[in-house]
Trainee: 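This is the structure, below, for whatever I ask next.
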Amino acid sequence: MSTEIIRVPDIGGATDVDVIEVSVQVGDIIEVDQSIIVLETDKASMDVPSPMAGKVTAISVKEGDTVSEGSDVLTLEVEGSESTSEDTKEASSEPAEEAPAQEKQPAQKSAATETSEQTVSVPDIGGATGVDVIEVCVAEGDEVQEGDSIIVLETDKASMDIPAPTTGKVSKLLIKEGDTVSEGDEILVLMAEGEVDAEPEAEVQDNASNADAETESESQESDDEPAQSGGVESVNVPDIGGATDVDVIEVSVAVGDKVEEGDSIIVLETDKASMDIPAPKSGTVKSVSIKEGDKVSEGALILELEVVGASAPAKKASAPKQSSAKQESSKSEASAPKQAAAKESASADQGAVLSSPSKKVHAGPAVRLLARELGVDLSLVRATGPRGRITKEDLHAYVKAAVQKASSTPVASATSDGAGIPRVPEIDFGQFGEVEVVKLSKIQKLTSFNMTRSWLNVPHVTQFDKADITDLEEFRKSLKPEMEKQGVKLTPLPFMIKAVAQALVKNPAFNVSLHADGESVVQKKYVHIGIAVDSPVGLVVPVLRDVDKKSVVQIAAEAGELIKKALGKQLKPADMQGGCFTISSLGAMGGTGFTPIVNTPEVGILGVSKADVEPRWNGKEFEPRTMLPLCLSYDHRAVNGADAGRFMTYLNALLSDVRRLTL
């Protein structure tokens, strides 16, 4: 008996397909083409047939799992190799010098089994009848492998490849393109070879013997190897808020460096923030797996650290790691030619486009579906697959060539030119004196792009006013010593955030975003407020959530924590998402007003300048009052001037009488 692993065949390029039924159990005896599992995509369901007969010894999937092409389904015990085992026994009884010659004979005997004629029929296709045959992928005389596509069917909802249930030679075709078929209709006659190759069994035995030898040598090494005082641990990228492909902008350590727990080992930068990744333990850096410019995601290996005082792992446990390291090394070496081939392929992308349409197009359903989604005419795509079939790689190369051709004509940059705006001429400033070219950080470049996009798309209007915060300041200063004892820094900003939150609830016209269709607005039922922070890496806007439900003291504590994280480059992408409105405070920096740019997709932003004491007429006399300049910019597509006037008036009333914040 031999063991075969049955895998999911070609299912038209679909991935993560639901297993809705497992049709067999461990111990069942199944026949060729018997359904073993039923899969369901968003458009069709299909039975997966067994390509051979045998006894089910293990099942690798269950109902509710998701699988893709090549996933293990079950393990099958196949009959037909008893003679092989008998011959092997006879060979082992012969003299040692004749053993090699005898060992080859069983393999030859097992391979030279009878060839049977098998009719291949249409399997279960979800109950569909009269289904069109849109492609016949084989011809009489062709050799096919198990799982190779033999025909392609197309219903009104989906197309699907029908795979060959076994390996063999096509002796007769019973259908042609344009025919209609139903479940059970005959497709072709296949001369199938019912061989059971003994070589894999021999390879398993060789692998087992090699494994035994390695185990013995490892045990000897572990006996001879003295115990060590430290262990090597892998340090991976921790949770970074779900961000992927994050840029490594700095590697802070090198091989041989000693680090303490909490020391920064690398610095990452996303679209909105940069963050230091600390060492989880103290130790010595043994190897560094990344470099500046790489992209990483959560779980990626950063370095290996020899931890101080850790118990040494057993030799047997380290051997698989060494083996794994060797495998990774061999993989990386093997990937080098692939990378070189990819570069050559990129340089030859323009060859992916045919100069004239092809008369015949051979492509599987997954490729046809992708072509329809991308709007690509397959007759113009150069085919490089087997028997002239168009692959997904061919389609990608075609699209890449089209994009390169479209971008060959210089187009104005969004960050400098806007939409059709004449380009600013390039000037050699070095002719006027000494200069230095400083590269912008990723956040600075993104800020530049976003601000330009907002300025070009949003019709800005800015209204100016001054709020009397004399009483608020007196109240705040009276609470300051008490708050400092609680570890809370009470600045005017928390009062400002609380007042804006109440103003948004009172004036919901500011708590919206324009829908992408341009015909409606999204009214938000939550109040999240962003605060602009001048961080070491550029302008960032962390967001405080549900501000309308929190006290001024809670807001002060959370705002202080977010600002601290921003200044320490520890913000995560999630910390800067979901804002409804932004406050940009210049505070003590000075100035009597400015025009802040709306942080789209928000529709409003409040600029706060430096407070100053001014004389104000109270009806009888002038008296000194502390006045705070406010600048409200808004998107005139969503907010009218009257809405902005009501918002600013209500905000002034809250700031002028701090008691209103408690209402």
Trainee: Just to verify, what does D294 make a salt bridge (Lys or Arg N to Asp or Glu O under 4.0 Å) with, not counting sequence neighbours?
Mentor: K291

Trainee: Who pairs with K569 by salt bridge (Lys or Arg N to Asp or Glu O under 4.0 Å), at least two apart in sequence or on another chain?
Mentor: none

Trainee: Just to verify, what does N511 make a side chain to side chain donor-acceptor pair (under 3.5 Å) with, not counting sequence neighbours?
Mentor: none

Trainee: Once side-chain contact (heavy atoms from CB on, under 4.5 Å) is applied, do any residues pair with E250, and if so which ones, sequence neighbours excluded?
Mentor: S252, V267, E292

Trainee: Show every ring pair (Phe, Tyr, Trp, His ring centres under 6.0 Å) that has at least one partner inside residues 528-554, sequence neighbours left out.
Mentor: Y526-H528

Trainee: With K392, which residues qualify under salt bridge (Lys or Arg N to Asp or Glu O under 4.0 Å), at least two apart?
Mentor: none

Trainee: Can you list everything that forms a side-chain contact (heavy atoms from CB on, under 4.5 Å) with S68? Sequence neighbours excluded, please.
Mentor: T15, D16, S71

Trainee: Which residues satisfy the side chain to side chain donor-acceptor pair (under 3.5 Å) test with S441, sequence neighbours excluded?
Mentor: Q444

Trainee: Only counting residues at least two apart or in another chain, list the ones meeting salt bridge (Lys or Arg N to Asp or Glu O under 4.0 Å) with K281.
Mentor: E233

Trainee: Residues two or more places apart in sequence or in another chain: which of them pass ring-ring contact (aromatic ring centres under 6.0 Å, His included) with H460?
Mentor: W455

Trainee: Does D10 have any side chain to side chain donor-acceptor pair (under 3.5 Å) partners at least two apart in sequence or in another chain, and if so, which?
Mentor: none

Trainee: Which pairs count as ring pair (Phe, Tyr, Trp, His ring centres under 6.0 Å) when at least one residue sits in residues 571-591, sequence neighbours excluded?
Mentor: F581-F647

